[in-house]
Amino acid sequence: MRLLFYAPLKPIDHPVPSGDRRLGQLLVAALARAGHHVEIACRLRTRIDRGDPTLQARQAATSGRIAARLIRRYRDRPVGGRPEAWFTYHLYYKAPDWLGPAVAAALRIPYMVAEASLAPKRAKGPWAVGHQAVLAALSRADTVFAMSAADAECLGPALGQRTRLVRLKPFLDPSAYGAAAARRSEHRRRLAQEFALEPAMPWLIAVAMMRSGDKLRSYELLGAALARLLDRPWRLLVVGDGPARPAVEAALQPLGSRLAFMGERDAEALPGLYAAADLLVWPAINEAFGMVLLEAQAAGTPVVAGATGGVPEVVQSEAGGVLVPVGDATAFADAVASLLDDPVRLGRLAAETRRLVARDHGIDAAAHTLDAALRRSVAGMTA
């Protein structure tokens with residue numbers, strides 16, 4: 001089938017890496033693996049940084065004009081080249097979808113949504129316009145894919161009577177991570193030479209953009225937690241960069257010579273970095289579920305993370321790592337210490353986590369779920 005794909009928050013080819021962009025790319029890859037032709041419908045970003053009804057109304061008007069052009073474009077195509085469904089990835093009150101519902105309705109094709117979120121407290125106030133746009137899109141959708149149980153529970157009451165809610169587990173293609181795990185010694189040797197790391201010492205790793213808000217708060221908690229463990233041997237590999245780097249460096253400064261800042265790395269380099277490390281550490285404050293948590297486990301690297309949002313659905317405690325109460329630096333430090341002090345347990349988790357990711361979060365299973373739901377929606381439109 002021919003599908004139109006749209007990501008109002010951030011196009012999947014945006015130059016700034018993020019877990020959001022990566023999951024969008026994976027959705028396109030899964031749809032393609034299921035045999036569908038995916039076309040990027042538009043690269044318009046609707047994200048607005050501040051609650052301003054005037055800005056939101058202006059963005060809605062701009063989107064309306066673009067939607068009209070898209071409708072004309074696709075109607076002018078030969079029958080065999082017209083889209084058969086519209087797929088929107090990640091919409092919320094700061095980045096609603098004003099394109100997809102209008103285009104899908106005009107072309108009489110299914111409108112499908114993955115990774116939507118609702119914030120009822122935004123129903124009134126400066127974000128009301130965006131919130132209402134999300135509600136309108138969800139009520140129009142034929143299928144909504146929820147990537148966590150919490151999302152499914154929250155979205156259910158907002159869906160239209162004919163909308164089908166489908167659970168889609170967070171996923172990735174585990175092949176590159178498995179290959180990296182098989183070459184762990186090689187990756188570890190290379191990094192040891194490049195950053196003057198001690199190969200016999202445990203390596204912790206944190207992978208995240210450096211920006212204000214929840215990312216910075218996670219870095220701050222990470223610094224506070226690991227500062228309690230300076231009596232043990234370890235090094236922290238920090239992968240990422242961004243506008244808040246000075247604040248991140250200040251938050252981690254108490255760790256002193258334990259730090260190795262590696263800067264921003266592209267997606268191709270990440271599997272080797274994960275595989276070389278012994279433990280991924282990330283407080284995950286307000287994370288939806290955290291792609292890096294899934295990626296690390298796919299490379300055989302256990303995780304210590306805050307149990308927030310959908311994180312418990314990608315990290316199984318005592319199978320993929322250890323979860324702690326989110327925001328609790330003491331509990332986080334204790335969890336890291338418990339694994340550093342028990343290499344046998346850490347090794348068991350490393351072996352188990354790759355198997356669990358391949359079984360429960362692989363791209364083939366996601367492709368099957370997406371394909372089945374898509375075919376049901378298209379069949380329902382033509383019935």
Side-chain angles (χ1 to χ4, degrees), residues 3-14 16-31 34 38 40-47 85-101 104 110-120 122 130-131 133-159 163-173 209 214 284 286-295 308-314 360-361 363 365-367 369-371 373-374 377:
L3 312 179
L4 298 174
F5 188 93
Y6 176 50
L9 176 61
K10 177 187 287 187
I12 62 171
D13 55 1
H14 193 278
V16 177
S18 66
D20 180 82
R21 185 191 72 168
R22 184 70 188 121
L23 183 52
Q25 294 168 340
L26 283 165
L27 280 166
V28 170
L31 289 165
V38 183
I40 304 302
C42 186
R43 289 178 172 80
L44 173 70
R45 295 188 72 184
T46 64
R47 190 180 191 280
W86 177 290
F87 196 109
T88 289
Y89 162 62
H90 203 168
L91 68 159
Y92 74 124
Y93 68 93
K94 288 186 177 180
D97 178 15
W98 281 295
L99 297 180
Y111 174 62
M112 311 181 77
V113 174
E115 188 65 1
S117 60
L118 276 177
R122 305 298 183 181
H131 177 77
V134 173
L135 288 177
L138 292 173
S139 68
R140 164 66 181 80
D142 297 273
T143 301
V144 172
F145 297 96
M147 304 193 77
S148 73
D151 282 348
E153 182 178 356
C154 183
L155 293 172
L159 302 183
T163 304
R164 181 179 290 108
L165 183 65
V166 177
R167 282 298 311 277
L168 176 66
K169 292 182 179 180
F171 67 94
L172 47 65
D173 185 344
M209 291 295 292
D214 295 328
N286 286 331
E287 292 276 2
F289 52 83
M291 278 301 295
V292 299
L293 307 179
L294 199 56
E295 291 170 349
T308 185
V311 169
E313 298 192 36
V314 299
D360 297 338
H361 301 283
I363 193 171
T369 298
L370 290 165
D371 180 63
L374 175 62
S377 292

Backbone N/O of [Y] and side chain of [X]: donor-acceptor pair under 3.5 Å:
{"X": "Thr163", "Y": "Ala141", "value": "yes"}
{"X": "His361", "Y": "Pro170", "value": "yes"}
{"X": "Thr88", "Y": "Val113", "value": "no"}
{"X": "Tyr89", "Y": "Pro11", "value": "no"}
{"X": "Gln25", "Y": "Ile12", "value": "yes"}

Which atom names give the shortest non-hydrogen contact between [X] and [Y], and what distance separates them?
{"X": "Thr46", "Y": "Pro96", "value": "OG1-O, 2.8 Å"}
{"X": "Ala152", "Y": "Leu165", "value": "O-CD2, 3.7 Å"}
{"X": "Ala116", "Y": "Leu155", "value": "O-CD1, 3.7 Å"}
{"X": "Leu172", "Y": "Met291", "value": "CB-CE, 4.4 Å"}
{"X": "Ala158", "Y": "Leu135", "value": "CB-CD2, 3.8 Å"}
{"X": "Arg47", "Y": "Leu9", "value": "CD-CD1, 3.3 Å"}

Interatomic distance, [X] atom [atom1] to [Y] atom [atom2] [nearest 0.5 angstrom]:
{"X": "Leu168", "Y": "Thr143", "atom1": "CG", "atom2": "OG1", "value": "11.5 Å"}
{"X": "Leu159", "Y": "Arg140", "atom1": "CG", "atom2": "CZ", "value": "13.5 Å"}
{"X": "Ser117", "Y": "Asp151", "atom1": "OG", "atom2": "CG", "value": "7.0 Å"}
{"X": "Leu31", "Y": "Ile363", "atom1": "CG", "atom2": "CD1", "value": "9.0 Å"}

With a 4.5 Å heavy-atom cut-off, do [X] and [Y] have their side chains touching?
{"X": "Ser377", "Y": "Met112", "result": "yes"}
{"X": "Phe171", "Y": "Leu27", "result": "yes"}
{"X": "Trp86", "Y": "Leu3", "result": "no"}
{"X": "Lys169", "Y": "Thr369", "result": "no"}
{"X": "Val38", "Y": "Leu4", "result": "no"}
{"X": "Val144", "Y": "Leu138", "result": "yes"}
{"X": "Arg45", "Y": "His14", "result": "yes"}
{"X": "Arg167", "Y": "Glu313", "result": "yes"}

(message) Just checking Tyr111 against Tyr6, ring centres under 6.0 Å apart?
(response)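 Ring centroids of Tyr111 and Tyr6 are no less than 6.0 Å from each other.
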(request) Step by step, work out the side chain to side chain contact (heavy atoms under 4.5 Å, CB included) result for Asp20 and His90. (result) CA-CA 8 Å; Asp20 180 82; His90 203 168; 2.3 Å; yes
(message) Asp13 vs Arg43, test: salt bridge (charged side-chain N to carboxylate O under 4.0 Å, His left out). Steps then yes/no.
(response) CA-CA 9 Å; Asp13 55 1; Arg43 289 178 172 80; 2.8 Å; yes
